[in-house]
Amino acid sequence: MSGLVAAGALATGTPAAADDTPSHQGGAAATLNGLTAYDTAVLHIGGEKREIPAGLFEMAVDGGGTLKTYCVDLHNPTQDKARYLETSWGQSSLAVNRDAGRIRWILQHSYPRVDDLAGLARRAKSGPLSPETAAAGTQVAIWRHSDDARVEAADPAAEKLADWLEKEARNLPEPGPSLSLSPEAASGPAGSRVGPFTVRTSAERVPVALSGEVAGGVRVTDQAGKPVTTAANGSRLYLDVPPGAADGSATLSLQATTPVPVGRVFTGATRTQTQVLAGSSESTVAATATASWTRSGALPVLTARKNCAERGLDVTAANRGDAPFTYVLAGEEYVLQPGETRTVTVPVAEDQPYEVTVSGTDGFTRTFRGLLDCRTTGSAAVAALTTQQGGQPSPLPSDTSPAPGAQGGAAAQTADGPDLAETGASANTPMIAGIALALLVLGGGALLLVRGRNDTAPETATSPAPPTDD
């Protein structure tokens with residue numbers, strides 16, 4: 001089950017299963033393999049110094065491809081072989097981080113995006129850099145912006161690189177998705193064109209397929225009504241449904257091979273460190289969207305999306321039928337008139353699994369499940385909480401540091417070497433759990449009341465920003 005709640009969940013006039021699970025909103029899905037290039041960093045917490053591995057992670061993409069990532073969630077544990085999904089900044093801790101654009105600048109101007117280490121060392125005036133020390137310096141600079149951490153690289157050249165990157169970084173815009181369809185669900189009456197579904201992709205062309213119990217005559221078209229079998233970035237797709245077609249639905253499926261844009265965020269299906277993309281091979285990416293139609297009656301479509309800025313889940317209901325639709329969400333009843341769209345933000349607890357159910361007329365039920373992971377724990381907060389819980393194990397390891405220099409990469413690939421969880425102290429999970437619980441108590445009073453608003457469907461993704469060397 002995805003930690004990202006996808007907005008591709010379709011609700012038709014017939015009852016929906018209560019145990020529906022969300023699908024991926026689009027892009028790459030991958031499994032974290034391990035640290036591949038790293039060195040030692042020193043983290044300052046509450047007057048103490050903790051040595052931790054800092055460097056570059058590797059992910060294996062479903063369907064083929066490799067991703068290189070850095071951590072942007074220092075004090076969270078990482079699960080072994082954790083599953084990750086590509087997502088937007090707005091559904092991650094970068095949503096409320098004013099330095100998110102600077103993190104992308106660092107990624108664009110350092111290793112592995114810049115693989116000329118001699119040239120990088122000249123620009124940073126750092127002295128000679130190896131892949132391990134370059135990765136460590138880059139990770140340290142990122143942590144200073146992502147977690148507001150007091151951290152430094154143990155290697156002098158790596159530390160000079162981190163200082164240079166931190167000083168030179170400036171804001172860059174969020175990159176677009178490797179592949180997405182927006183909205184992820186739409187509906188309309190039989191005899192109309194359902195859509196548009198806007199394609200955002202870093203690929204040149206993407207094949208378009210139609211699946212499901214598709215009624216005869218239903219076809220995918222462009223804005224002019226011409227049948228299409230491929231799409232490009234910015235394409236607007238429609239499902240042309242003939243008059244008199246029986247009530248039904250179909251799924252648009254897109255899949256391509258393309259590099260994932262640097263700066264894209266990857267969040268886990270379970271609680272695990274959030275990662276940001278530093279480099280990508282040609283990788284398999286996919287996206288789906290669902291269309292439904294009816295001849296008469298209410299035609300609701302329910303979608304949901306994490307809202308990290310509001311610490312909640314945005315549940316959007318749209319009624320494209322010709323009769324009202326009544327539903328209950330978070331204990332409140334709503335009546336959705338034909339043609340109306342409403343979004344309600346349901347507050348959910350940070351780092352806790354949630355289950356949000358929508359119940360409607362005619363036995364309709366739709367449940368969204370996932371995990372909200374929108375906040376990092378800054379080093380100052382960890383220090384305070386560590387002091388409050390004196391005598392408990394440290395939240396970060398001090399005796400599992402990697403060997404410096406060239407041995408780092410080799411050690412990461414052995415069974416006894418530092419695994420991904422060590423940067424988040426998997427060996428001290430009780431302390432991490434205590435910190436998370438304490439933060440939840442401290443922040444509990446900030447939970448927002450459920451609020452409703454009449455508006456349009458969630459915003460579509462922006463166009464991918466091209467790589468920049470500025």
Side-chain angles (χ1 to χ4, degrees), residues 4-18 20-26 180-198 210-215 218 220 236-241 245-253 287-307 313-329 333-346 356-369 452-461:
L4 290 174
V5 173
L10 170 69
T12 64
T14 58
D20 287 347
T21 56
S23 59
H24 186 195
Q25 287 178 353
S180 72
L181 276 169
S182 181
E184 292 88 351
S187 61
S192 69
R193 291 199 302 162
V194 180
F197 299 93
T198 301
L210 193 60
S211 61
E213 297 180 4
V214 183
V218 176
V220 183
R236 293 161 66 88
L237 305 177
Y238 297 80
L239 255 69
D240 195 335
V241 182
D247 295 359
S249 64
T251 300
L252 275 170
S253 299
T288 61
T290 309
S292 60
W293 55 88
T294 186
R295 284 184 280 190
S296 62
L299 184 55
V301 172
L302 269 294
T303 65
R305 186 181 295 272
K306 287 194 303 183
N307 184 336
L313 185 71
D314 284 349
V315 180
T316 299
N319 182 9
R320 299 298 180 241
D322 57 13
F325 173 65
T326 301
Y327 65 99
V328 176
L329 170 62
E333 183 177 282
Y334 301 91
V335 178
L336 206 61
Q337 299 298 327
E340 187 179 3
T341 298
R342 177 182 289 112
T343 296
V344 175
T345 301
V346 180
V356 177
T357 298
V358 180
S359 301
T361 53
D362 299 324
F364 169 86
T365 303
R366 182 73 177 94
T367 298
F368 299 99
R369 296 181 178 89
R453 66 179 185 270
N454 292 326
D455 57 8
T456 58
E459 292 183 355
T460 59

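Residue numbers run from 1 in the order of the sequence given.
Closest approach of Ser292 and Val301 over heavy atoms only: OG-CG2, 4.2 Å. Closest approach of Val241 and Ala190 over heavy atoms only: CG1-CA, 4.1 Å. Phe325 approaches Leu302 most closely through the heavy-atom pair CE2-CD2, 4.4 Å. For the residue pair Val356 and Leu329, the shortest heavy atom distance occurs at CG1-CD1, 3.5 Å. Here the closest heavy-atom approach between residue Ala289 and residue Pro183 is recorded as CB-O, 3.8 Å. Heavy atoms only, all atoms of each residue included: Trp293 and Pro189 are closest at CB-C, 4.3 Å.
Residues satisfying the side chain to side chain donor-acceptor pair (under 3.5 Å) test with Asp247, not counting sequence neighbours, are Thr294. For Val335, the side chain to side chain contact (heavy atoms under 4.5 Å, CB included) partners at least two apart in sequence or on another chain are Pro324, Thr326, Gln337.
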Run the numbers on Arg305 and Thr303 for side-chain contact (heavy atoms from CB on, under 4.5 Å), then give the verdict.
CA-CA 7 Å; Arg305 186 181 295 272; Thr303 65; over 6 Å; no

Take Leu210 and Leu239 through the side-chain contact (heavy atoms from CB on, under 4.5 Å) test and state the conclusion after the steps.
CA-CA 9 Å; Leu210 193 60; Leu239 255 69; 3.9 Å; yes

Candidate pair Leu252 and Glu184, rule side-chain contact (heavy atoms from CB on, under 4.5 Å), full reasoning
CA-CA 9 Å; Leu252 275 170; Glu184 292 88 351; over 6 Å; no

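Inspection of the Thr288 and Ser253 side chains reveals no N or O donor paired with an N or O acceptor under 3.5 Å. With 3.5 Å as the limit, one finds a donor-acceptor pair spanning the side chains of Arg320 and Thr341.
For the atom pair CG (Asn319) and OH (Tyr327), the distance works out to 10.0 Å, reported to the nearest 0.5 Å. Between atom CZ of residue Phe197 and atom OG of residue Ser182 there is a gap of 9.5 Å, rounded to the nearest 0.5 Å. Put simply, CG on Asp322 and CZ on Arg295 are 12.5 Å apart, with the number rounded to the nearest 0.5 Å.
Figure legend: Arg366 and Phe368 shown as a cation-pi pair, the cationic atom lying under 6.0 angstrom from the six-membered ring centre and within 45 degrees of its axis.
Side-chain contact check for Leu336 versus Arg342: some heavy-atom pair is nearer than 4.5 Å.
Judged purely by atom type and a 3.5 angstrom limit, Asn307 has no side-chain atom pairing as donor or acceptor with the backbone of Leu313.
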